[in-house]
Trainee: 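Mind having a look at this structure? Questions to follow.
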Amino acid sequence: MTAETEPLLNADTPQHLKDMRRSGALDYRSGELPTWCPGCGYFGITHAMNNALQAVGVDRDKLAIISGIGCSGRYPFFTTCYGFHGVHGRALTIASGVKMAKPELTVLAVGGDGDGLAIGGGHLPHAIRRNTNITYVLFDNGIYGLTKGQTSPTTPTGQVTGTHPYGNPDKPLNPFLLALSYGGSFVATGYAADAPGMEKVFIEAFAHPGFSFVNIISPCITFDHVNLQYAILREKFRPVPADHDSGSLQAAMALAMDGNFYSGVLFQEHRATWDDAVAAMKAKAGGN
Amino acid sequence: MSEKHYVIIGNGASANRAADVIRQGDNQGRITLISDEFFPFYYRHLLCKYLSGEEEESALIVRPPAYYKEMNIRLRLGQRVVKADLAAQTLYLDHMEKIHYTSLLLCSGGKPKIPEIFYSCRECFTVLKTLADVRRLRARLPEIEHVLIVGGDIVSVRFAAALRKKDIRVSFMVDEKSFWPLELSVDKKQEFCSVIAAKGCDIINDNTLRHIEINGRGYQVETSSGMTLKADVVGAFFGMTPDIDYLFGSGLDMERGILVDDHLKTNVENVYAAGDCAQVYNPQIRNYWVSIGWSNAEKLGEVAARNILGDSLAIDQPRTSILNYEGITVATEWWKEF
Amino acid sequence: MNGISNEDMDVTIEICGSAGDGSIASGQILNLAITEIGYHVMNFDSYPAEIRGFGKSVAHSRLSNYPIHTTGQLVDCLIALDDPHSTTSLATLKENSVIIYDSKPMDYHEENQAIAGYIEPGMIGYGIPLRELSVQAVGSGKSRNIVSLGAIAAIFRIPPKAFHSAVKKRFGGKKQQIIDSNIMAFDLGYGYAAKLEKADAIDFGNKMFPVREGIKIISGNEAVVEGCLDAGIKLYAGYPITPATKILELLAKKLPKRGGVVAQTEDEISAIGHAIGGGFAGRRCATATSGPGLCLMVEMLNLAVMAEVPVVVIDSQRGGPSTGLPTKTEQADLNLAVLGASGDSPRPVVAPANVEECYHLIIKAFEIAEAFQTPVVFLLDFFLSNRMEDVLFGEVDQAAFGCYEEVLAEEGESGYERFALRGDGISPRAYPGMKGLQHTITGLEHTEKGLPNYNAENHRLMGAKRYNKMRKLAGQWPEPKPFGMEGELEVGIIAWGSTIGSAMEAVENLNKRGVKAGGYFPRLMWPLHEEALRLFASRCRKLLVVEMNTTGQYANFVDQTIGTRTVRAARVYAGPYPVDDILAAVDGL
């Protein structure tokens, strides 16, 4: 549906909706109705992502979105793209293959905290090392939602879940510290209810040459009633401090560890990407 | 190494008999027979029949290789000992391997004697001691017309007969001095000559070999009386001498053969000798005896083996047995000389 | 082909040494030399188990002037560069074989460590002073291997210039002085041995046959690599594992030159993930592994089946189960290749019989993956991966394995359905980059549009679709050419993969003896050619299935498909299947 053909545009439509309709961001929607619970943070992420795709002007014929298993796994179905809803934990491997085989595509990988940090945890460091030019958005809701409420790698200690009726015994992972210590060349954060903030981060992620890791905190309103709450997060989230040196790994780690919720780019460096490496290999190998 | 290793140099009658006796007496110890002949243990007395074609190779073999596998006796065929370090109880083989023994029995037998005066042209002679020798000659028989036999030891009679069966002309140059092992009396010589003449051999009397050289594919021979003969093959039958060259410098007491006492022990601890290579001391005559013939060799092998196993058997009084060589009867017993 | 000689030359030579003796290098020179003068060669080397130092390496080459199918069981000539190691190679020597040994080693060998001590009556031992001649030529004993080649060239009467040329080729890139001194080592060995009295019957007669232009001596893995390159592979992802590592390493070197990309991944799951990603993107991609890796890949393979994504997965089988016998050959992954998955998960499985087919069949595998929108499992084994043969890569023999075209959707078509149901099960494909055909594929059961759906009827239809594709492939793939006698047969032998070579020789042997035997040798392991199998079975009084696994994995498929009760000759050998054992199995029928 386009701004021209949308019949619901009329004088009573609020300006921001009109703007949205005209911007073309809605063209990135596939028309499939999401399967998420009303109020799920993923709606916000989708919205911000579509805006960002529109702002950057990504060619929908050349857009590939790879997902894993989880509520976030359904994401590609809701976007006009060539999507691949794969198996649990392997989205990064597939996304990496897509980009390596056809570098002209825009490749986006999405997944949840279980998909990305539990079963898929072993792939993250290597995707980061390779520094392919893809964007990975981790929809972090601190729980296994699709399977109805089990502990995830980012569930806080002590939280009662389906698998831990007496409280989660394990220490949760810090996805930012992981990404930073793996050597991520772009590590950013966002909040599912802060669309403008996410949109900004996504645009920077797409622009970044290399692997962009964006972790979005997103409440699961159905299975998490204690940890990530809109009411609490609304107050807690703040932008990354203006004086933060995003070129300093130490500073980025400090921010990641200080217990606050930040929105923005924690760390960015420009280093050789996979494409640079391939070009160098080709040069050394000779031939075409 | 607490394991016993009995090493026997030789693969003839005495060696094999000894191996059997040792195995009977010691189930565990390793037994190795080393022979420079490629062929397994065969009946030497059938070589003539093999030459004449009356027997094939398979009939010569005394027992199949499977026997040795069953008895757990290692056969090393076609391998030669080149040196013995008796102090270290180690033997050195010609293909650069060394073997350690706990007991050593020398049964290397005899090798054809070539008189010293002919040593320089020894390559012109054909000797027929081993199966390999006979095999080579047998292959050439179709193209051979004339064989000259020089020396004429007792075995030569059988070979002559075999050659005659193939219609090959045989000349005998009988030399009493090199006749062996008999000391020919005039009667015996007469008997000998009549037997070989009856086979159709020419006898060249009162002549000894002066000179021999290659002539085309055969040889030319000059005799003491100035005669010149041509032959395709010149067979040397000057008797046997113990095959013990590899033991020179080893510290063993040796004369023509290996000197052993009447228990077949040498002067070196754990080293024994038996068969055609040994000179056996007889305390009664205070001199050394030598043995000839298959059954004597077996007997010596048995006694040596028993003593190796810990017994203390002295060799019997010499026994006499009658052998028949194409009608010439020979009483074999203990001879004093080679 | 050759065959100018009226005598069939068929000589198997083993060069045995300790690691560092150069037995493998001299084997390579022998192979080069013999193909220079127009002979065929089939070679299989064994390496020490340990990485450094100790352990024996054996170069094993079978040379012939007519096409051969196996590396031969018994050895005609053993060159012993290291006596203690060579004594363990005695078991495979023929009765009247030749042993070349060093007659002047540095020192005396300990008891039973001298190979010459084992020469049995009938065998011929030639003692050559290998070390001394090597020292003369190069100043040390390290060219004993080359000296020994000179010796056999003289004794067996192989033209020396073939070896000169081979030495130059093998040491090409090294200093001229090294080439020259090695040629001298060869010549010294040749000169010495030429004076020896020849006692054996191996005689090449100094003959030379016309050389086929473009002939390569190449292994199964190398042939797979060439095939991938010529198929236009864009991405190869792999994880090191014996015996597939070589494929990764060779492609890492060569693929960038051809405009492609190689990724060493963190594990096998990532490797196949990458390859599937690339296949989804519309490019030819592959990965290679062995049994343990394929176990890990099964889930992703299953995903590709359900989502109908083309990808080629190569499995070079080795002894199993689990880590198993990493350096020994076996054919026990067939079940895994065909059935490994949850649910009903059909996919084509192909297995080449020899090195040349490794090349042709891997190209076909890519075609089939695209045309049928499926993962294809390509099975070889440790033996075939490492076996070297002289091969001429001609035009791809289209007839042998069929021709397959992929079906693509029309760009811009509205209402595109990625999994549209059609009679033959193949839906026109679209992939990223094409215009206006966006869709999402999934590992969930899905509608024609590709949306997740759990309806039973839909599930049946989609399941049937996936199987129909396989049926179509079976219909298009040409039947195996019949081998051996025609008409009614006493015994039919079924074999696959590298075992086909042994089975071919067994059939030839039986036919020579007057036994009516024939062979059915499939390259398409699954789906099976029901009709062709039935036809073959109907000709045979007895049906024997020969394979290197314990349960008779292919025999099970055969019996299951055509209702026979085949006789299984399924055994593991940690080595190629001996021809004699096939003959014994036939005798036992």
Side-chain angles (χ1 to χ4, degrees), chain A residues 30 32 35 59-67 69 73-107 120 122-123 125-127 129-130 132 274 277-288, chain C residues 233-237 252-267 269-285 287 299-300 302-304 306-307 309 311 411 418 430-444 446 449-452:
Chain A
S30 67
E32 288 304 316
T35 47
D59 182 347
R60 280 187 293 278
D61 290 329
K62 298 203 172 99
L63 174 61
I65 302 183
I66 321 295
S67 66
I69 300 284
R74 302 305 178 101
Y75 183 90
F77 289 102
F78 316 137
T79 307
T80 303
C81 67
Y82 287 94
F84 196 152
H85 173 221
V87 291
H88 203 19
R90 316 297 174 191
L92 281 180
T93 70
I94 296 176
S96 195
V98 174
K99 185 69 179 177
M100 285 179 182
K102 223 172 213 174
E104 64 265 33
L105 299 174
T106 300
V107 179
H123 297 303
H126 305 280
R129 289 167 63 218
R130 254 172 242 125
T132 46
W274 171 258
V278 168
M281 272 191 245
K282 279 202 169 94
K284 280 212 180 100
N288 39 345
Chain C
I233 189 178
K234 174 69 184 173
L235 168 66
Y236 179 85
K253 241 201 178 128
K254 298 183 170 208
L255 191 50
K257 293 187 216 195
R258 305 274 281 260
V261 152
V262 170
Q264 181 189 335
T265 55
E266 61 274 25
D267 55 42
I269 298 174
S270 181
I272 191 176
H274 276 71
I276 288 175
F280 164 65
R283 296 267 191 248
R284 289 186 167 182
C285 305
T287 183
E299 192 201 18
M300 296 297 270
N302 213 6
L303 172 64
M306 178 56 116
V309 178
V311 68
E411 286 187 297
R418 170 69 185 91
Y431 47 72
M434 291 174 79
K435 292 201 192 330
L437 298 172
Q438 288 88 345
H439 61 277
T440 292
I441 62 175
T442 173
L444 290 169
H446 43 266
K449 203 160 171 221
L451 293 170

Trainee: Under a 4.5 Å heavy-atom cut-off, does chain A meet the side chain of C:Met300, its backbone, both or neither?
Mentor: side chain

Trainee: I'd like to check A:Arg130 versus C:Glu266 (side-chain heavy atoms, cut-off strictly below 4.5 Å). Are they in contact?
Mentor: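 The answer is yes; the side chains approach within 4.5 Å.
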
Trainee: Please classify the contact of C:Val262 with chain A as side chain, backbone, both or neither, using a heavy-atom distance under 4.5 Å.
Mentor: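 Backbone of C:Val262 only, per the 4.5 Å heavy-atom cut-off to chain A.
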
Trainee: With a 4.5 angstrom heavy-atom cut-off, is it the side chain or the backbone of C:Leu451 that approaches chain A, or both, or neither?
Mentor: both

Trainee: Heavy-atom cut-off 4.5 Å, strictly under: side chain, backbone, both or neither for A:Val87 against chain C?
Mentor: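 For A:Val87, backbone and side chain are both near chain C.
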
Trainee: To the nearest 0.5 angstrom, please state how far the OG1 atom of C:Thr440 sits from the CZ atom of A:Arg74.
Mentor: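 With rounding to 0.5 Å, OG1 (C:Thr440) is 11.5 Å from CZ (A:Arg74).
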
Trainee: Which heavy atom of C:Gln438 sits nearest a heavy atom of A:Arg60, and at what distance?
Mentor: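 Residues C:Gln438 and A:Arg60, closest heavy atoms: NE2-O, 3.0 Å.
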
Trainee: For C:Ala304, is it the side chain, the backbone, both, or neither that has a heavy atom closer than 4.5 Å to a heavy atom of chain A?
Mentor: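 Contact with chain A involves no heavy atom of C:Ala304 at all.
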
Trainee: Tell me, for C:Asp267 versus chain A, whether the close heavy atoms (under 4.5 Å) come from the side chain, the backbone, both or neither.
Mentor: side chain

Trainee: Taking every heavy-atom pair that is under 4.5 Å apart, which of A:Thr35, A:Ile94, A:Asp59 has the most such pairs with chain C?
Mentor: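 Going by pairs under 4.5 Å, I would pick A:Ile94.
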
Trainee: Can you tell me how far NE2 of A:His85 sits from NE2 of C:His446, rounded to the nearest 0.5 angstrom?
Mentor: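 The NE2 atom of C:His446 sits 12.5 Å away from the NE2 atom of A:His85.
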
Trainee: Against chain A, work out which of C:Val261, C:Leu235, C:Leu303 has the most heavy-atom pairs shorter than 4.5 Å and name it.
Mentor: C:Leu303

Trainee: Could you report the tightest heavy-atom contact between A:Phe77 and C:Gly450, atom names first, then the distance?
Mentor: CE2-O, 3.4 Å

Trainee: Please classify the contact of C:Lys435 with chain A as side chain, backbone, both or neither, using a heavy-atom distance under 4.5 Å.
Mentor: both

Trainee: Examine whether an atom of A:Ile66 lies under 4.5 Å from a heavy atom of chain C, and if so say whether it belongs to the side chain, the backbone or both; otherwise answer neither.
Mentor: side chain

Trainee: Could you tell me which non-hydrogen atom of A:Tyr82 sits nearest to which non-hydrogen atom of C:Gly433, and how far apart they are?
Mentor: CE1-N, 3.9 Å

Trainee: Examine whether an atom of C:Leu437 lies under 4.5 Å from a heavy atom of chain A, and if so say whether it belongs to the side chain, the backbone or both; otherwise answer neither.
Mentor: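 For C:Leu437, backbone and side chain are both near chain A.
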
Trainee: How many angstroms lie between atom NE2 of C:His274 and atom OG1 of A:Thr132, to the nearest 0.5 angstrom?
Mentor: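 Taking NE2 in C:His274 and OG1 in A:Thr132, the distance rounds to 7.0 Å.
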
Trainee: Hey, could you give me the CZ/CD1 distance between A:Arg90 and C:Ile269, rounded to the nearest 0.5 Å?
Mentor: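 One gets 4.0 Å once the value is rounded to the nearest 0.5 Å.
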
Trainee: Roughly how far apart are C:Ile276 CD1 and A:Phe84 CZ, rounded to 0.5 Å?
Mentor: 6.0 Å

